[in-house]
Each structure stands twice: as structure tokens, then as C-alpha cells.
Protein chains: 2
Amino acid sequence: MSVMEDTRDRIVASASAQIQRHGHVKTTVADVAKHCGMSPANIYRFFPTKAALIEAVSEIWLALAEDNARAIARQPSCASARIREFLVGVHEFNRDRYTRNGEVHETVVAATMERWPIVARHEKVIISIFASILEDGVRNGEFEIDDIEGTASVMVAAMVKFHNPIMVAQYHGESLTEQATALSDFMLKAIRKR
Amino acid sequence: MSVMEDTRDRIVASASAQIQRHGHVKTTVADVAKHCGMSPANIYRFFPTKAALIEAVSEIWLALAEDNARAIARQPSCASARIREFLVGVHEFNRDRYTRNGEVHETVVAATMERWPIVARHEKVIISIFASILEDGVRNGEFEIDDIEGTASVMVAAMVKFHNPIMVAQYHGESLTEQATALSDFMLKAIRKR
DNA sequence: TGACTGATAATAATTGTTTTTTGTCAATAC
DNA sequence: GTATTGACAAAAAACAATTATTATCAGTCA
């Protein structure tokens, strides 16, 4: 069973590399199969459709963004500073990724527009990571918040301009980083204890 | 000179009707010309390109959204209530327009994605209308705000999910109205005097 | 003299055809 | 008996030939 898992991972890794080079439209399952030294038909033993394969690849990419967010949330600084860092850090991570690699951007945009299930899941993960910062802030007396999950949800919704792939690409070139900092300062006013 | 202005307006009105029926891709300047009882060449006396004509049409559509926003901003209720109304009202105006008429939506999305100058202008107008509510609130002691224009800018940025045509269409079906209300309540905490 | 048109070149969209690609399944290999 | 494949039908993409559209401009009309 470990061998099968291994093969699956090899396929996903190969597909990820191919898509980063040629985009998810141009990469064919025949290409991926050839790179893995197997027949196209064998890919379909692991993934019901090409779309499912692309979804698996996107899942890995979104997981990288989640790791980045988690790293910021776990820093030793005070909760307010981490909120600021979160807004700016998540924005810059996405901005760099999407401006650096157009193929990755194109794929994630498709995932977002067509509302693949993984995107909804990713959004929930981001909200819960953000909520963990709020929780810390409430615990140590920095913040005063009734409903932490609800507040996290609202705050992440307010950040859409800075992390949604379509928005990030649309405003590229302009200094969204400054705006992200301004938004974090504004939002901190709403939750800071006084 | 009034006759020329008249002709221009007739062209824009006709183009607006055509685009609402068939979309801005399918409507040709020949179509618009025929509907106005003139030759295609004559359109080019008023608009340098087809794109410029479409831009003029979009400008009128955006102006309708601005009128709606202004109407909300000028209501007699307290500033806090108007902020709430603004978030929900602007969202629902755009949602209804874009779900009701796909062609209008398609055109405004193109304007937004390709960053036509009118969109940047529209954004500034919306911010200044919103700022007028903040100003009222500061004047009558409801709010406490340092930089009104800056704050309006940040708050409108936070509303992107609820008024940007791409975002509104993407989340259609889900109850964004509730989320908009939640966001307005959250943001009011940041500016309310206490 | 200013508002408009007909004819037309350059560019872009459409249509119909050929070639790939996706996805299935019975057959093979290990 | 489990992992894999080759052969193949249905669906989609690429291509080339054709048609339509944009934009220009010298010239007409009132």
C-alpha cells in the first residue's frame, strides 16, 4: 500500500512540475505519464479525471500558503504585531508567487473561480489560523472579542483584496503592502482592549 | 453644438441597449450605427475607437451605482445606520445588477480587469461618498477619526468582497448580505466614539 | 463649412476540418 | 490477483480557409 501511495505522490509531483512549466491547460496526462515512466491509462487508476489530478496539485500549493500563514501566527511577538505581519506576509507571499509564476496563478484562479472544494477548505484553514492569533491576544489581554471565530471570519473577508489571487493580480504594481498595513492598523482599533 | 452632443448621447444610449442585449463582444459598431440611422464611419467622428464607445457606456452604468451610493449616504438616519446601509445597499445593488444582466457584468468585469481609467475614477468617487458619511459622524459626535479620507479608503478596500464585480459574481448564491452586515458592525467598533 | 458617407486596407472572428486528448476496458505481465 | 498496459471511442483542441469587423479617408451633401 505504501508503494501505491508513493506512485501517487510521484504523479502529483511530476504534474506539479509540468503545470508550473506549461500551465494546466497545456500539460496533458500523456506528458505526466511519460515523465513518470508509465502509461496514461495508469494515471487514471489514481485519479478519476485530469481535473482531480490538477486539484491534488493545487492542494499542495495551497498547503504551502497555509504553512507560511502558520509560521507567522506562531511567531513569538505580541498578537497585534502578528496581525500586522499576517496581513502583509500573506499578501506578499501570494503576490510574489503569482507574479513570479503565471502558470501557478492561472491554475489557482481557475480553482477559485470554479469554486473547487479545496478552496473552501483552504479558506476555512486560513480563518482558523488567524483565529489562533486572536485567541492569543484575548488570553494575554491585548484584545477584547466576543466571538473569536466570527471575528476571524469577518477580518479575513476584509482582507480579500490582499490575498485573493484575482485581486492580487489585478492590483499588481501598486503598493498594496502599504494598504495592507493601513487595514491592519484600522482593524486593530476594533479589537484592542482599552 | 447641442446637436452634436445630442447625436453623441443617442449613440451611447443605443450602444448601451445593444450591449445589454448581446454583450460588448458581439455588438459591432455597424449594429450601433444602423440603430442610429447612420453610417459606421460616423460613429468614429464621436469615438476614436470601439473601446472608447464601450467605455462611455460603462461610465453611465457606473454613474448609476454612484447615484445609488449617494442616495444612501444622504439619508436622514444616523451615520452608523448609514454605514450599515451603505455596505448592504451597495452590495445588493451590484449583486442584483450583475446576476440579472450577464452582459453588463461581463463588460464591467472587463473594465475592472483591464483597469480602464473610468474604474479608478469610480473608485475615488465611491470613497468620497463614503467619506461624507464619516464626516457627518465625526461632526455629530458618533465617530472619532483622525484621517477621514484615509479611513474611508481603508474601509472601502475592506468592502471589496461585497462590491467588486468579480467577487460579487464569484460568491453569488451565498448570503453575502449577512457577511456585509457583520463587517459593518465590526468596522463601526473601530471608529465609534466612546 | 461642418455633418456625414462609400469604398477599402488591416485586423480579428467564425466556420468547418483534421489532429490531439481524455477516459474506458478487456487483455497482459509479474 | 494486483499493477499495468494497448487499443479505442467520444470529446476537445488546433489549424487553415473564409467571412466579418474595425478604423481610415478622400469625397459628397445640405
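Any value given below was found using the heavy atoms of this structure, including those in side chains, with hydrogens, waters and symmetry copies removed. Below, chains carry the letters A, B, ... as their sequence lines are ordered, and counting in each starts from 1.
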Nucleic acid footprint by protein, nucleotides 16-30 of chain D - heavy-atom cut-off 4.0 Å, B for base, S for sugar-phosphate alone: -----SSBBB-----
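- In this structure, A:F46 atom CZ and D:dT2 atom C1' are separated by 11 Å, rounded to whole Å.
- Without hydrogens or angle criteria, A:T112 side chain to A:V108 main chain gives a donor-acceptor distance under 3.5 Å.
- Remark: P of D:dG6 and CZ of A:R45 are 15 Å apart, rounded to the nearest angstrom.
- Among the nucleotides C:dT5, D:dG6, D:dA3, the one closest to any side-chain atom of A:S39 is D:dG6.
- With sequence neighbours excluded, the residues that form a side-chain hydrogen bond (donor to acceptor under 3.5 Å, both in side chains) with B:R115 are A:E174.
- Side-chain contact check for A:H24 and A:T107: at least one donor-acceptor pair (N or O, by modelled atom type) lies under 3.5 Å.
- Between the CG atom of A:L53 and the C1' atom of C:dG23 there is a distance of 13 Å, rounded to whole Å.
- At distances below 3.5 Å, not a single donor-acceptor pair connects side-chain atoms of B:K26 with backbone N or O atoms of B:Q18.
- One interatomic measurement links the two molecules: NZ of B:K34 to P of C:dC4, which rounds to 19 Å at whole-angstrom precision.
- In this structure, the CZ atom of B:R8 is 17 Å from the C1' atom of C:dA3, given to the nearest Å.
- Taking a cutoff of 4.0 Å between a charged side-chain nitrogen and a carboxylate oxygen, B:E66 and B:R121 qualify as a salt bridge.
- Atom NE2 of A:H22 and atom C1' of C:dT20 are 16 Å apart (whole Å).
- Per the geometry, CG belonging to B:N42 stands 11 Å off C1' belonging to C:dG2, to the nearest Å.
- Under the 4.0 Å criterion applied to side-chain N and carboxylate O atoms, A:R70 and A:D67 are assigned as salt-bridge partners.
- To the nearest angstrom, P of C:dT22 lies 9 Å from CD1 of A:I54.
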